[in-house]
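The structure appears below as structure tokens.
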Amino acid sequence: MSDFSLNLTHRPRRNRKSATVRDLVRETELSVKDLVYPVFIMEGKGKEEPISSMPGMTRKTVDKLLLEVQELADLGVKAIAPFPAIADAKKNPKATEAMNPDGLVPECVRRVKEKFPDVVVMTDLALDPFNSDGHDGIVSPSGEILNDETVDILCKMGIAHARAGVDFVCPSDMMDGRIGAIRKALDSEGFENTSIMAYSAKYASAFYGPFRDALQSAPKAGDKKTYQMDPANRREALYEVSLDVDEGADIVMVKPACYYLDVVREVADNFDIPVATYQVSGEYAMLCAAAGNGWLDRDRVVLESLTAIRRAGAKMIWTYFAKEAAKLLRAADR
Ligand code: PBG
């Protein structure tokens with residue numbers, strides 16, 4: 001014993017003394033099986049366009065997406081969430097294109113499920129990509145976002161996606177009562193096995209900026225604060241989640257992820273259904289920008305951010321880093 005010995009009973013560092021010991025005591029595992037990859041799609045054939053605020057991400061036509069889905073499946077990423085970029089000519093104040101059974105999203109679902117029946121496809125239910133006003137709901141002449149009228153459209157949209165064979169519909173609109181209404185609508189058409197992943201605690205966040213660039217779907221007027229949640233609120237998230245659970249959600253989501261991990265933890269502690277979270281476009285863009293400047297080690301922050309989300313209690317993580325993380329996890333396993 002050296003002269004400096006503190007005679008400690010507890011030396012927590014013993015459990016960190018080697019990589020193998022650290023592996024043995026690790027409390028949280030990040031797996032490729034936890035990841036959902038959001039992808040941006042557009043109409044046409046053979047086209048792919050970069051998204052400037054999301055380096056490495058592109059908008060692509062469905063034929064190109066099929067190639068990427070093969071690549072993802074080979075890496076073990078078996079869940080995708082397509083988001084459509086809709087031409088301005090197809091947008092209107094009633095978002096009618098959202099209900100088109102032959103629209104871009106149902107077409108994408110059909111083609112992916114036909115070629116990759118085991119890949120899980122999760123589609124967004126919200127009107128913003130289809131609505132000339134750029135809001136998730138129908139806007140009244142006075143500028144109000146109309147709740148019940150919007151839910152009626154979401155139900156029809158959900159049925160169109162279910163008919164195309166989608167695994168999960170994911171209402172991201174934050175209208176009241178939509179989970180129950182969509183569940184009832186799906187069941188009445190015989191789609192009892194179509195699941196609902198509810199964006200239950202979705203905050204009115206500035207971190208969605210790059211996503212709105214990607215789809216050119218930003219609101220034309222006003223903001224989304226009358227339907228998305230105030231970032232200052234925590235208890236309200238539990239209230240929203242409890243309503244969605246009662247209305248029949250299969251999975252609930254907290255969004256964004258990394259600035260809202262306290263909310264993720266509380267939802268995970270208070271409810272017994274799986275919790276998802278979405279590492280959103282702004283979180284992706286921030287890490288890309290800092291890493292691109294050489295200020296952060298990209299590989300390490302990608303895995304650290306995703307592990308932190310798992311530690312907070314989320315099971316499923318939607319992330320634009322899914323493909324990259326799958327490669328990193330595979331390399332780390334060797
Ligand atoms: C559409 C929707 C949005 C996101 C997912 N679904 C944008 C918004 O609500 O304004 C954001 C995802 C991201 O930023 O990565 N309702």
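Note that the structure is predicted; figures quoted are calculated from it, not measured. Both counts, for ligands and for their atoms, begin at 1 and track the order of listing. What's counted below: heavy atoms across the whole structure, side chains too, no hydrogens, waters or symmetry copies.
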Practice item. If you have a sec, work out which protein heavy atom is nearest atom 12 (C) of ligand 1 and how many Å separate them, to one decimal? Key: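 Protein heavy atom with the smallest distance to atom 12 (C) of ligand 1: Phe211 CD1, 3.3 Å.
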Check your understanding: Can you tell me the protein heavy atom closest to atom 1 (C) of ligand 1 and the distance?
Key ->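 Result for atom 1 (C) of ligand 1: Asp128 OD2, 2.9 Å.
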Within reach of ligand 1, part of [X] (heavy-atom separation under 4.0 Å):
X	result
Tyr284	neither
Ser281	both
Val280	both
Asp173	neither

With a cut-off of 4.0 Å, which atoms of ligand 1 are near a heavy atom of [X]?
X	value
Tyr320	12 (C), 13 (C), 15 (O)
Lys255	2 (C), 3 (C), 4 (C), 5 (C), 6 (N), 11 (C), 12 (C)
Ser172	1 (C), 2 (C), 6 (N), 16 (N)
Lys224	8 (C), 9 (O), 10 (O)
Arg212	8 (C), 10 (O)
Tyr278	12 (C), 15 (O)
Ala126	16 (N)

Would you say the side chain of [Y] lies within less than 4.5 Å of the side chain of [X], judging by non-hydrogen atoms?
X	Y	answer
Cys288	Tyr320	no
Leu66	Phe116	yes
Cys258	Ser305	yes

Point to revise | Glu283 side chain vs Ala257 backbone, donor-acceptor pair below 3.5 Å | key: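 Checking the backbone N and O of Ala257 against the side chain of Glu283, a donor-acceptor pair under 3.5 Å is found.
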Under a 4.0 Å N-O cut-off, is there an ion pair linking [X] with [Y]?
X	Y	result
Asp128	Lys224	yes
Lys47	Asp63	no
Arg265	Asp262	no
Asp102	Arg110	yes

Check your understanding: Can Gln228 be said to touch ligand 1, with heavy atoms closer than 4.0 Å?
Key ->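 Right, Gln228 reaches ligand 1.
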Exercise for review: Work out whether the distance between some heavy atom of Lys202 and some atom of ligand 1 is less than 4.0 Å.
Suggested key: yes
Check your understanding: Using the benzene-type ring in the case of Trp, are the ring centres of Phe40 and Phe211 under 6.0 Å apart?
Key -> yes
Practice item. Could you check Glu49, Glu43, Glu48, Glu68 and say which one makes a salt bridge (charged side-chain N to carboxylate O under 4.0 Å, His left out) with Arg59? Key: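 Going through Glu49, Glu43, Glu48, Glu68 one by one, the salt bridge (charged side-chain N to carboxylate O under 4.0 Å, His left out) with Arg59 is satisfied by Glu49 alone.
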